Visitor: 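First the structure, which I've put down as structure tokens, then a few questions once you've had a look.
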Amino acid sequence: MQPNPDLVRAIANRYAANLRLCLPLRRTSLQLARAVHGNIITFGFQPHAHILNRLIDVYCKSSELDYARQLFDEISEPDKIARTTMVSGYCASGDIALARSVFEETPVSMRDTVMYNAMITGFSHNNDGYSAINLFCKMKHEGFKPDNFTYASVLAGLALVVDDEKQCVQFHAAALKSGAGYITSVSNALVSVYSRCASSPSLLHSARKVFDEIPEKDERSWTTMMTGYVKNGCFDLGKELLEGMDENMKLVAYNAMISGYVNCGLYQEALEMVRRMVSSGIELDEFTYPSVIRACATAGLLQLGKQVHAYVLRREDFSFHFDNSLVSLYYKCGKFDEARAIFEKMPAKDLVSWNALLSGYVSSGHIGEAKLIFKEMKEKNILSLMIMISGLAENGFGEEGLKLFSCMKREGFEPCDYAFSGAIKSCAVLGAYCNGQQFHAQLVKIGFDSSLSAGNALITMYAKCGVVEEARQVFRTMPCLDSVSWNALIAALGQHGHGVEAVDVYEEMLKKGIRPDRITLLTVLTACSHAGLVDQGRKYFDSMETVYCIPPGADHYARLIDLLCRSGKFTDAESVIESLPFKPTAEIWEALLSGCRVHGNMDLGIIAADKLFGLIPEHDGTYMLLSNMYAATGQWEEVARVRKLMRDRGVKKEVACSWIEMETQVHTFLVDDTSHPEADAVYKYLQDLGKEMRRLGYVPDTSFVLHDVESDGHKEDMLTTHSEKIAVAFGLMKLPPGTTIRIFKNLRTCGDCHNFFRFLSRVVQRDIILRDRKRFHHFRNGECSCGNFW
DNA sequence: CTAGGGTTAG
């Protein structure tokens, strides 16, 4: 039977009308759209443009962009409504590139204000404020008149990037002039612009003035003003505003307050807000729960978090944001299995879920698992990359970190300050000074040099590259500082033998009223230890519990023991170990053992080594320290015994290697390394240097040779081939006169090399910085910053 | 066909 085209058209038109009515009920409208679409295909008639447009809209709003596009492409000459629909569909799905292409394929003569509005909104929603503003300017230039929608949209974009009061005033004036100034939606957006102006939060007054002058405030007016206060940390003003609000509007305001408190780390206050909500009879909603979970996660309140978890599960009104926050709650509280289980069970995993899992593995040091997850992720965003870059750097994978950073740029991600800080941390790991400097220059150029995370990374990078002055310089020019910045500077000074200054900076920090955290104390203790400030260090250690309520951890005790041993106070060190509030850890014994090594305290050293053999028999460092101690006193049978023990237990000594950076290229050398193309010249040069140094009194110290080799001459040969010596000779040959030589070594340097470097710095009149596994050595004119023991 | 606020991952 032949269908009656008129009848079919009539039915389709009816569907189209229904579609409009049913739009909010997504499922229903999508079903209707499919039916209409099916009829069109089955009966092959040409529907009216407005039916097709409506179909496209429904498909877009049901996230069926491919169907929408298919229909759109079938239209021979899509009208401006079809195009606008397609543009806003793509915008809403986040595909700004496709939206843009449809928009730009439309001739200007065919565009109208609505289409511009859709595109501007798209930019704003995709966090691209600049493009929103540019398009706004362009449309005016092309003669289109902005309307209320335009202003609301472009102001939303402006709010993302505004950093200067002039911009706020300019746009405000333009809106007023066009008559949109007192439209509620436009005013709401203006409130948001004023309160998000980066350079002056004082504009909150202007925001408040706009707010006060809104003739008909709606719920959004109140909550936007509230957000303005909260995002600027003005919680008291926020509370005051809350008082004046209608009861039925308070939910969103409470949610804003709670998330604001959590963002500032004020979780107690956040939870207090939740209590107030509950007591005034306002029901928490799906927006509240994730913030509450985050509060628990940052505060480490696992029990409370679990209770909220159970409570929300019973209520069944949660969104997937909730699951994502749970993943982070559990891993932050150290419950990796639970976190993983929640992730696996999630019905809908999105990018945030993957990033939560990734960051869980990264921040808990499970870098291997993190790498697997990262590989498995199909979709990644800038945050995924940032998490991974920082994670790699923080776990010592500097090269991989840098590789990922350049990969990120290749794939078109514009690195933000946090990504830069990951790259800079990678440079810190590698000691890649030139590379790090280049990043610093780029930061300045882009204007990220005021960033806290980048600044903190720079301090550490310069310190780890041995350039304390620059670390100090970065710190002193940073516009704002946090405890990480202070810790980084104190560490930088301490590492390089400026113990007294490190302590001064710590005192300065205290005077400024900044509370030290456990890392600060750890850093200060290290500085005291390196500078031999025993009494001071002791005083700081005691202040931890009594003044700052920070119970000292094993790491703090280890520093204390190190401090005592280095000044030869072994009895004190022993009594500290005896009175520990926990069972001594490997860290503690290691501190004792290396302290004993410095002073040749054999009896105590053997005890410490025995404990370490029991706790971490696979750790090569213990064997090396002990056999070095025996070698120093010529007890070669004992040396052999330790070496045999090591062999029997299958413990492999990590291969020593040193490296030097030259114009971003890194040259690496192993012990006895002859693989470098210029090895012959380097060895020759090394021999010449040796001769000259001996004339000045350098005597090779053969006690550092591990084997009991028969002839002393042979032993000296072995000493001269330690990797740091090869690296420094290479550096002296290649680097321009007068430049500081920076050498890096993966293990600790030996006493002979230390001595060698001292003499060398005098012979060649160059500053040499040697960074080994534990510490830095600055050699200048025969002296070393860390004194003449190593 | 187009607008303005509150939720998760560093």
Side-chain angles (χ1 to χ4, degrees), chain A residues 50 53-54 56-57 60-61 79-89 91-92 112-122 124-125 147-157 159 180 183-193 214 218-228 230-231 249-260 262 284-294 297 318-329 331 350-360 362-363 381-391 416-419 421-422 453:
Chain A
H50 74 268
N53 293 347
R54 180 116 317 261
I56 293 172
D57 191 35
C60 284
K61 292 199 164 99
D79 62 11
K80 59 185 169 196
I81 294 181
R83 289 165 190 268
T84 306
T85 309
M86 212 53 236
V87 167
S88 74
C91 286
D112 63 2
T113 300
V114 180
M115 197 182 289
Y116 277 97
N117 293 349
M119 197 62 229
I120 291 171
T121 304
S124 298
H125 282 179
D147 63 7
N148 304 342
F149 285 91
T150 322
Y151 277 101
S153 314
V154 75
L155 288 170
I183 301 292
T184 303
S185 60
V186 175
S187 299
N188 292 349
L190 273 168
V191 170
S192 161
V193 166
I214 304 175
D218 62 6
E219 190 182 338
R220 286 189 180 210
S221 315
W222 287 92
T223 51
T224 308
M225 193 60 240
M226 177 60 109
T227 319
V230 166
K231 290 253 155 94
M249 287 186 186
K250 280 188 176 173
L251 174 60
V252 178
Y254 267 116
N255 286 342
M257 288 288 278
I258 292 166
S259 67
V262 180
L284 316 192
D285 74 351
E286 57 183 303
F287 286 87
T288 328
Y289 307 135
S291 295
V292 179
I293 291 294
R294 197 151 87 99
F318 50 89
S319 66
F320 60 92
H321 292 310
F322 181 64
D323 278 334
N324 290 339
S325 65
L326 284 175
V327 171
S328 127
L329 166 75
Y331 84 67
D350 67 356
L351 184 52
V352 177
S353 330
W354 283 93
N355 281 344
L357 189 72
L358 183 69
S359 124
V362 159
S363 60
N381 65 1
I382 188 161
L383 187 59
S384 335
L385 288 152
M386 274 159 29
I387 295 169
M388 199 62 206
I389 295 170
S390 280
C416 61
D417 62 334
Y418 196 83
S421 94
S453 59

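Per chain, numbering begins at 1; letters A, B, ... match sequence-line order. Because the structure is a prediction, the values reported are computed rather than measured.
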Visitor: So, taking the atom named OG in A/S421 and the one named CD1 in A/I389, what distance separates them when rounded to the nearest 0.5 Å?
Guide: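 One gets 9.0 Å once the value is rounded to the nearest 0.5 Å.
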
Visitor: What's the closest nucleotide to the side chain of A/T224 if the choices are B/dG6, B/dG5, B/dT7?
Guide: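 Nearest to the side-chain atoms of A/T224, counting from C-beta on, is B/dG5.
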
Visitor: Provide, to the nearest angstrom, the distance between the CG atom belonging to A/L251 and the P atom belonging to B/dT7.
Guide: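 Between P of B/dT7 and CG of A/L251: 12 Å.
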
Visitor: Rounding to an integer number of Å, can you tell me how far A/L190 CG sits from B/dG5 P?
Guide: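 My rounded result for the distance is 12 Å.
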
Visitor: Does the ring of A/F287 lie flat against the base of B/dG6, closer than 5.5 Å centre to centre with planes under 30°?
Guide: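 A/F287 vs B/dG6: stacking yes.
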
Visitor: Once you apply a heavy-atom cut-off of 4.0 Å, does A/D218 come out as touching a base, just sugar-phosphate, or nothing?
Guide: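 Base contact.
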
Visitor: Would you say A/S353 and A/L357 make side-chain contact, with heavy atoms under 4.5 Å?
Guide: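 With C-beta onward as the side chain, the pair stays apart.
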
Visitor: Would you say a side-chain N or O of A/K250 is under 4.0 Å from OP1 or OP2 of B/dG6?
Guide: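 For A/K250, the contact criterion (side-chain N or O under 4.0 Å from OP1 or OP2 of B/dG6) is not met.
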
Visitor: Starting from C1' on B/dG6, measure out to CG on A/L284 and report it in whole angstrom.
Guide: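 Interatomic distance, CG of A/L284 to C1' of B/dG6: 13 Å.
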
Visitor: Let's test your reading of the model: under 3.5 Å, does the base of B/dG10 pair with the side chain of A/N355 as donor and acceptor?
Guide: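 Side chain to base: no pair present.
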
Visitor: Considering just the side-chain nitrogens and oxygens of A/S359, establish if one lies under 4.0 Å of OP1 or OP2 belonging to B/dG10.
Guide: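 For B/dG10, OP1 or OP2 has a side-chain N or O of A/S359 closer than 4.0 Å.
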
Visitor: Out of B/dG5, B/dG6, B/dT8, which nucleotide sits closest to the side chain of A/K231?
Guide: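 Side chain of A/K231 sits closest to B/dG6.
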
Visitor: Taking only side-chain N and O atoms of A/Y289, does any of them lie within less than 4.0 angstrom of OP1 or OP2 on B/dG6?
Guide: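 For B/dG6, neither OP1 nor OP2 has a side-chain N or O of A/Y289 closer than 4.0 Å.
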
Visitor: B/dG4, B/dA3, B/dT7: which one has an atom nearest the side-chain heavy atoms of A/A189?
Guide: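 Per side-chain heavy atoms of A/A189, the pick is B/dG4.
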
Visitor: May I have the distance from A/M119 (atom CE) to B/dA3 (atom P), rounded to whole angstrom?
Guide: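 To the nearest whole Å, that distance equals 13 Å.
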
Visitor: Quick check for you: among B/dT8, B/dG6, B/dG4, whose closest atom lies nearest to any side-chain atom of A/T227?
Guide: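 Output: B/dG6.
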
Visitor: Expressed in angstrom and rounded to an integer, what is the separation of A/I293 atom CD1 from B/dT7 atom P?
Guide: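 Answer to the nearest Å: 16 Å.
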
Visitor: Is any side-chain N or O of A/K80 closer than 4.0 Å to OP1 or OP2 of B/dT2?
Guide: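 For B/dT2, neither OP1 nor OP2 has a side-chain N or O of A/K80 closer than 4.0 Å.
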
Visitor: If you measure only the distance, is there a donor-acceptor pair under 3.5 Å linking the side chains of A/S363 and A/Y331?
Guide: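 The answer is no; no qualifying pair exists.
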
Visitor: Roughly how far apart are A/M225 CE and A/S192 OG, rounded to 0.5 Å?
Guide: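 Between atom CE of A/M225 and atom OG of A/S192 there are 10.5 Å.
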
Visitor: Choose from B/dG4, B/dT2, B/dA9 the nucleotide whose nearest atom is closest to any side-chain atom of A/N381.
Guide: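 Of B/dG4, B/dT2, B/dA9, B/dA9 is nearest to the side chain of A/N381.
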
Visitor: Out of B/dG4, B/dC1, B/dT8, which nucleotide sits closest to the side chain of A/V352?
Guide: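 Ranking B/dG4, B/dC1, B/dT8 by closest atom to the A/V352 side chain puts B/dT8 first.
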
Visitor: Which listed nucleotide (B/dT2, B/dG6, B/dC1) is nearest to the side chain of A/R54?
Guide: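 For A/R54, the side-chain atoms sit closest to B/dC1.
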
Visitor: Please evaluate the base of B/dC1 for a donor-acceptor partner in the side chain of A/T85 within a cut-off of under 3.5 Å?
Guide: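 Side chain to base: no pair below 3.5 Å.
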
Visitor: What nucleotide among B/dA9, B/dT2, B/dA3 has an atom nearest to a side-chain atom of A/A152?
Guide: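 Nearest to the side chain of A/A152 among the choices is B/dA3.
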
Visitor: From the set B/dT2, B/dG10, B/dG6, return the single nucleotide nearest to any side-chain atom of A/V252.
Guide: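 Nearest nucleotide to the side chain: B/dG6.
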
Visitor: Mind checking what makes ring-ring contact (aromatic ring centres under 6.0 Å, His included) contact with A/Y116, not counting sequence neighbours?
Guide: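 ring-ring contact (aromatic ring centres under 6.0 Å, His included) list for A/Y116, sorted by chain: A/F103, A/F144.
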
Visitor: Between A/D147 and A/T150, do the side chains contain a donor N or O and an acceptor N or O under 3.5 Å apart?
Guide: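 Checked: A/T150/A/D147 side chains pair up, N/O donor to acceptor below 3.5 Å.
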
Visitor: Any side-chain N or O of A/R220 under 4.0 Å from OP1/OP2 of B/dA3?
Guide: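 It does not, given that no N or O in the side chain of A/R220 lies less than 4.0 Å from OP1 or OP2 of B/dA3.
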
Visitor: Using a cut-off of 4.0 Å on non-hydrogen atoms, how would the nucleic acid contact of A/N53 be classed: base, sugar-phosphate, or nothing?
Guide: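 No contact at all - A/N53 keeps every heavy atom at 4.0 Å or more from the nucleic acid.
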
Visitor: For B/dG6 and A/H321 - does any side-chain N or O of the residue sit under 4.0 Å from the phosphate oxygens OP1/OP2?
Guide: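 No, outside the criterion.
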
Visitor: Using a 4.0 Å heavy-atom cut-off across all strands, classify A/T288 as base, sugar-phosphate, or nothing.
Guide: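 No contact at all - A/T288 keeps every heavy atom at 4.0 Å or more from the nucleic acid.
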
Visitor: With sequence neighbours excluded, what pairs up with A/L284 under the side-chain contact (heavy atoms from CB on, under 4.5 Å) test?
Guide: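 A/L284 satisfies side-chain contact (heavy atoms from CB on, under 4.5 Å) with A/V274, A/M277, A/V278, A/T288, A/Y289 only.
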
Visitor: Does any N or O donor sit under 3.5 Å from an N or O acceptor when you compare the side chain of A/S185 with the base of B/dA3?
Guide: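 Indeed there is one.
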
Visitor: Among B/dT2, B/dA9, B/dT8, find the nucleotide with the atom closest to the side chain of A/L383.
Guide: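 My answer, after comparing the listed nucleotides, is B/dA9.
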
Visitor: Under 4.0 angstrom, heavy atoms only, what part of the nucleic acid is A/R294 near: base, sugar-phosphate, or nothing?
Guide: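 The residue A/R294 makes sugar-phosphate contact but no base contact.
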
Visitor: If you go through the side-chain atoms of A/N255, does one of them form a donor-acceptor pair with the base of B/dG5 closer than 3.5 Å?
Guide: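 No pair found.
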
Visitor: Please examine the side chains of A/S384 and A/L351, heavy atoms only from C-beta on, and report whether any two atoms are closer than 4.5 Å.
Guide: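 A side-chain contact exists here, since the closest heavy-atom pair is under 4.5 Å.
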
Visitor: Rounding to a whole Å, what distance do you find between A/I258:CD1 and B/dT8:C1'?
Guide: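 Taking CD1 of A/I258 and C1' of B/dT8, I get 15 Å after rounding.
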
Visitor: Starting at CD of A/E219 and ending at C1' of B/dG4, how long is that distance when rounded to a whole Å?
Guide: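 So the CD-C1' distance, A/E219 to B/dG4, works out to 12 Å.
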
Visitor: Rounding to an integer number of Å, can you tell me how far A/E286 CD sits from B/dG6 C1'?
Guide: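 Rounded to whole Å, this separation is 11 Å.
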
Visitor: With a cut-off of less than 4.0 Å, is there a side-chain N or O of A/S259 near OP1 or OP2 of B/dG6?
Guide: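 For B/dG6, OP1/OP2 do not have a side-chain N/O of A/S259 under 4.0 Å.
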
